[in-house]
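I have placed the structure first, in the form of structure tokens, so that the comments after it can refer back to it.
In what follows, chains are A, B, ... by sequence order, proteins preceding strands, each numbered from 1.
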Amino acid sequence: MLHIKPILSSLLRSKSGPLLLLIQIILSVAIVANASFIIHERLALMSRDSGIAEEEILSFNVYNFDPSMDMAQQNKQDQQILRALPGVISASSTNMLPLSGGGWMDRLVDGPDVETAKSTPGFAFYLGNEQMVDTLGVKIVEGRNFFAEEIRSSPAESGILALVSKPLAQAFWGEESPVGKIMYQGTDQQVEIIGVIEQLQGAWVDHRNFEYSVIANVDWGGQGANSSYMVRAGAAALPGLKDSIIAALHRENPNRVIDNFKTIAEHRASSYRDHELMVTILSMMVVLLLLITSLGLAGMVMFNIERRTKQIGTRRALGARKRDIMSYFLVENYLICLAGGILGALLAVLLGQQLMKFYSLPKLELIYPLLTLAGLLLVTTMAVFFPARKAADISPALATRSV
Amino acid sequence: MLSMRNISKVFKTDLVETHALRDFNLEVNEGEFVAVTGPSGSGKTTFLNIAGMLEGFTHGEYLLDGVDVSNLSDNKSAAVRNEKIGFIFQGFNLIPDLNLAENVEVPLRYRGIKAAERRRRVEQALEQVGLGARMKHLPTQLSGGQQQRVAIARALAGEPRFLLADEPTGNLDSLMARQVMELLEKINQAGTTIVMVTHDPELARRAQRNIQIVDGQVCDFAASGLGQQQGLRQDQELTPLADLAADFAAKAKASA
């Protein structure tokens, strides 16, 4: 038997200690539930699949200082050199790097008339040649890749083709296939959609259109003094790839700086660093709050055992078994935790609404306060269990002692 | 009702062994009112704890209501205490956070008695001790005598066949002590066996039989209730109480 009524009566008659604990639990549940929700949201963001072979792609920049150099020609030569390096799967120039936090963003419209044309959402606008798809390791699920002869050197040229990411295609065209559609950049530049990429994220991890991307058939390398490249290589070749690239490109032309080597996985880590820090801080806070609450409850139980030693002996003398004494303290703990948990869950929802309002966070799901409450019950059960077992070992003979 | 044969209780520490009870023999018959007296440190509380199954003993045999309770498990001991024994403590031992009805209800809850029956018994027991109108009061709102009556009600509510009272009037003034004693006599007349440990010779005289414990033994063999059953040897002489008391005083002086 749990004897809830007399335990509740007893708690209500000596309120101050349990009340302080109740307030602590209410605040803990409200904070822990929201913190857990934010942690989960951040982890979900961080674990999104980019669609890119992040670990296999090494990106870098080439800064050319020789004014006599034919940049466009040098770019083509450099790409051939890169592709010929041992272990390299593919290489491509690019105007932006995925997950790097910087790049191009654009929109397309579905007609030349600005008054009536409908605009796509903003998307990350990659420029690359026929090697770009292989270099990124993305998958074309509909349509085709660019052919080498279709590659242009500027997005302003005619014959611009585009591969769009599936999330963008679904957002703008719905279930209809975008392949073959003619879109416009401004009023006169036509862009033909020739394929759909299953997934390709942009550069800005916090942007709401992060999954919307387009690759246009433009080799952007050699457009200026600074060119960006991505080289995809097998895991075995990647460790020595940086040195191989520097040596090979310097061999071709030593009058340049080759720098800023980073894998896309490293770009990802940099972009998500704030999220990671937030997750770490919030996780520590959650653990500390649960620990402090558990210690508070364990402290209350130990204090109560000291205070009620003779009472426990009397209960034992009157027929309480050891498990009755244990269950007394556990039920007392559960009553405080449940009351605090329910009020804390309500406060968590209110707090969640405020966070939603002021920090554009998604709505707190009810499962978080419930899971927090379940976690709190588990942790506090462990905290209360040992003092309660100690109480159960109090001898009934204590009832007759003058203590 | 209660039969203790050659009970010994030894408390051991690293340095000393203390014999709280040695070859302790006692028979208490059904419906008897027995007072147990003795000087401080004589073993009265140890006897009470063993009789009430609040602690175990080192050697011997203890039959309660014809059942050997020497080696019961903790759970079974608790059940026997709950069902057969009513306790009245010197300090009342009421739970201050519970009202009178909840206090009286405590042993009934441990027995798993249903709520309606618990309520009936609680009301009856509190009525019996004259506190039926104060069921919702807290113990701190009562006088010492009233608190002891609540403790008696708590013992009675379980309808025990055996009541153990530990200095039931020790914390009460003479008027209240007399009232409590009259209540115990009434309970005994209704058929409940009572063993009462007391310092008060006046109260002890009101019991049907008086046992004196000295140095962990019943000092009057006849009073132990075993004389008739076992028969005294012809050459055995009973030590007069006065001699035992003088002997105890001498020992106490020597050890001081």
Side-chain angles (χ1 to χ4, degrees), chain A residues 1-19 21 300-301 303-332 335-336 388-403, chain B residues 44-56 73-99 101-115 136 138 140 151 154-155 157-158 160 164 166-167 170-171 197:
Chain A
M1 282 190 76
L2 295 177
H3 312 305
I4 291 170
K5 198 174 156 241
I7 296 172
L8 195 60
S9 302
S10 179
L11 278 173
L12 291 174
R13 284 186 190 123
S14 48
K15 294 186 201 71
S16 43
L19 190 66
L21 252 165
M300 188 189 80
V301 171
F303 173 72
N304 280 341
I305 290 167
E306 290 295 320
R307 195 169 61 97
R308 298 181 194 161
T309 305
K310 185 149 188 173
Q311 189 188 117
I312 295 164
T314 303
R315 285 179 182 274
R316 294 274 288 127
L318 296 176
R321 295 156 300 181
K322 287 186 174 185
R323 67 166 177 264
D324 292 320
I325 300 296
M326 276 198 77
S327 76
Y328 181 95
F329 288 102
L330 289 172
V331 167
E332 193 177 63
L335 287 175
I336 297 172
R389 200 167 68 174
K390 194 181 152 202
D393 284 335
I394 288 174
S395 165
L398 228 74
T400 59
R401 282 188 206 149
S402 311
V403 286
Chain B
K44 294 192 304 294
T45 302
T46 305
F47 155 73
L48 183 94
N49 285 345
I50 291 171
M53 300 172 67
L54 302 179
E55 65 182 288
S73 68
D74 192 79
N75 277 353
K76 281 187 180 159
S77 291
V80 172
R81 276 199 302 273
N82 182 269
E83 285 167 23
K84 293 194 174 172
I85 308 171
F87 288 96
I88 300 165
F89 303 103
Q90 181 179 3
F92 325 133
N93 293 20
L94 298 177
I95 297 165
D97 296 332
L98 301 181
N99 64 32
E102 287 165 341
N103 262 291
V104 175
E105 197 183 33
V106 168
L108 307 182
R109 279 185 174 271
Y110 291 131
R111 205 183 294 183
I113 292 173
K114 288 199 180 351
K136 300 289 175 196
L138 290 173
T140 47
R154 179 174 65 187
L164 264 177
D166 178 19
E167 304 274 8
N171 286 355
V197 170

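Between the side chains of D166(B) and T400(A), not a single donor N or O lies within less than 3.5 Å of an accepting N or O.
Between L98(B) and S10(A), some side-chain heavy-atom pair lies under the 4.5 Å cut-off. Looking at heavy atoms from C-beta onward, T45(B) lies out of side-chain contact with R401(A) at the 4.5 angstrom threshold.
The salt bridge (charged side-chain N to carboxylate O under 4.0 Å, His left out) check on R315(A) picks up nothing, with sequence neighbours excluded. With sequence neighbours left out, the side-chain hydrogen bond (donor to acceptor under 3.5 Å, both in side chains) criterion links R13(A) to E102(B).
Between R316(A) and D74(B), at least one side-chain N (NZ, or NE/NH1/NH2) sits under 4.0 Å from a carboxylate O, which counts as a salt bridge.
Options R154(B), M53(B), E55(B) differ in how many heavy-atom pairs under 4.5 Å they form with chain A, and the most are formed by R154(B). Annotation: maximal heavy-atom pairing with chain B below 4.5 Å, among L12(A), L11(A), L318(A), occurs at L318(A). Options G158(B), A78(B), G52(B), A79(B) differ in how many heavy-atom pairs under 4.5 Å they form with chain A, and the most are formed by A78(B).
The two residues Y110(B) and G319(A) make their nearest non-hydrogen contact at CB-O, 3.9 Å. For the pair P396(A) and L54(B), the tightest heavy-atom approach, listed with the atom from each and the gap, is CG-O, 3.3 Å. Contact detail for F87(B) and A317(A): the closest heavy-atom pair is CE1-O, 3.2 Å.
Of the atoms belonging to N75(B), heavy atoms from both backbone and side chain fall under 4.5 Å from chain A. Of the atoms belonging to L94(B), not a single heavy atom falls under 4.5 Å from chain A.
Of the inter-residue distances, the one linking R321(A) atom CZ with S73(B) atom OG reads 10.5 Å to the nearest 0.5 angstrom.
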**Evaluation steps, side chain to side chain contact (heavy atoms under 4.5 Å, CB included), between R109(B) and K5(A)** = CA-CA 11 Å; R109(B) 279 185 174 271; K5(A) 198 174 156 241; 4.0 Å; yes

